[in-house]
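Some notes on the structure that comes next.
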Amino acid sequence: MINFCLTNKPKLVKGNWKSKKRLKHGVWLYYDSGVEIINSPKHWIVFGGILWEGQVTDFLKDTKQNGIFYAIVLNKISGEVQVINDFSDSFYLNYYMSGRHFVVTNEIKVYGPSFKINQYWVNWSKQGVDLYQAPSPKKENITPLEGVKYLGAGDVLTFQAWDDFDCRPIVTNWFTYHRDVGPLFDAKPLHNHESALDTTKKIIAKNCQLIQEKYGTRLVHFCSTGVDSLTIKSNLNDVPMYGFIGTGFNKYHELEAPFKQLYNDYNGTLHYFDIKTLEDVLNSQLPNLQKTIKYDVAHLMLMHIRDVYHLNDRVIVHSNFGDHVLWHNRRYVLFLAVHRWGMKDAQQIWDRCIPHYGFGGPAGPTGVYSKQSRIDEINKYLSDPYPDFKTAVIAHKYFIKPPNLSNLSDPLCIDPYMDLRLINLLPSCDIPTQEASILDARIQKDMISDELLPYLNPHKAGGNWVYDFPKRDKEEFRKKMLSGILKNLQRI
């Protein structure tokens, strides 16, 4: 739906594309039906995704735009190309440049047989080093294929496309969290709870309106009983819902009763996963891995739902980014306890934080959500904390790529929370407003409609049971993902 490949040497790539277009000077664009192409007098613009503000033609003036997107601007006169990545690297862009020839794409599987497997990437990945996604400052920019690189979040790749000249690629950056958002922590607060609530309401309502106007009846909503999902559902008009529950939800405090009631009352499609057969479901998706990302269990479960209910041509609305812009998960709660409250004892932090929504509820029975595991997590941070709250939040944003469903390849996945204005919001708030959002998701709870509020799960959850495999099983899962990706690249 949203896949593309731009090259001036078609022999370098392979794939079955719905459309292709010769732009100029031997430059070819291969693309799917969801890719937008604008032919202006002096430029070609290739665009995938959605903008929350402005128009696609605004990329002719400024690479900094607000939305979920990739954009390619080709100057018909000079041959200069700009490949512009959004602030979250939603589509996992990658590229190859050598002499006068290039490939730019969001699908690493399209590179042809002349590209060799990068054994350095394979060996490090087998040892557990996370090289699956676009590099952070702690990671080298390598991919499974020699000569192919990732384009990072907020990056702009500029190069010469005409094959009369060398490509001469240059990578610049229009957004980084520490540079563009970091100073807001030290500035005078712009918002209290009331103004933050009003701002968030307007942004989410407008984003949901734009999504519905652009995609219409193609939309479906992947919805849970969490605060992020119900806030979005409060702003969607009769968009069909899909979701899942499974064995063990109750014991991990993601209550089945309100989940089932929500889907019954709103005629949604609720899929049931049995832990006994989950491994078979996961294995069935291995041939479908197309992105070099850090897949987790939930990705494959959602891919299964996509296939079972034939959603490949639909546009999925989800809300995975909500807790990353409004900070309601236990990592932010820990930063708050250590740096704002001055707490240094893990048990005391546990006792004080456990009643709050953002901390994740009571202990799970085993594994990473048990009390011992979470106490160990607290102690690990206490042994080597960041110097202050601001640094902790910035580091978490800088080095941890937020979860994103856009990597499903098909269909297109859109999250209304992935908005630069919301990224800037909490750093611009006063401390009481920040704390209320971290601890109890106060802003969003005040946005959920009265009719949906009864379905809200009492704790932040998220299908924790699916992640609670023994360590050896997690290691086996990681190896399977690696093997699946390499098999699908047809390089082993």
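Here, residue 1 is the first one in the sequence, and each next residue gets the next number.
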More than 12 heavy atoms of other groups within 6.0 Å of E213 CD:
yes
Hey, are D430 and T433 close enough side-chain-wise for a donor-acceptor pair under 3.5 Å?
yes
State which residues pass ring pair (Phe, Tyr, Trp, His ring centres under 6.0 Å) with W162; sequence neighbours excluded, sorted by chain then number.
H25
Decide whether N424 and S428 meet the rule of one side-chain donor and one side-chain acceptor closer than 3.5 Å.
no
Solution key, residues 62-69 side-chain donor-acceptor pairs under 3.5 Å, sequence neighbours excluded:
from: D62; atom 1: OD1; to: K64; atom 2: N; distance (Å): 3.0
from: Q65; atom 1: NE2; to: D62; atom 2: O; distance (Å): 3.0
from: N66; atom 1: OD1; to: L420; atom 2: N; distance (Å): 2.8
from: N66; atom 1: ND2; to: E53; atom 2: OE1; distance (Å): 3.0
from: N66; atom 1: ND2; to: D419; atom 2: OD1; distance (Å): 2.9

How are the rings of Y381 and H339 set to each other: parallel, tilted or perpendicular (split at 30° and 60°)?
perpendicular
Check the side chains of N94 and Y111 for a donor-acceptor pair under 3.5 angstrom, ignoring hydrogens and angles.
yes
D198 and H191 side chains, donor-acceptor separation under 3.5 Å:
no
Distance alone, cut at 3.5 Å: any donor-acceptor contact between the side chains of H193 and D446?
yes
Look at the aromatic rings of F59 and F47 and report parallel, tilted or perpendicular, splitting at 30° and 60°.
tilted
I77 and K42, any side-chain heavy atoms less than 4.5 Å apart
yes
State, with a plain yes or no, whether a side-chain heavy atom of T143 is found less than 4.5 Å away from one of Y92.
no
Identify whether the distance between the nearest side-chain nitrogen and carboxylate oxygen of D313 and R218 falls below 4.0 Å.
no
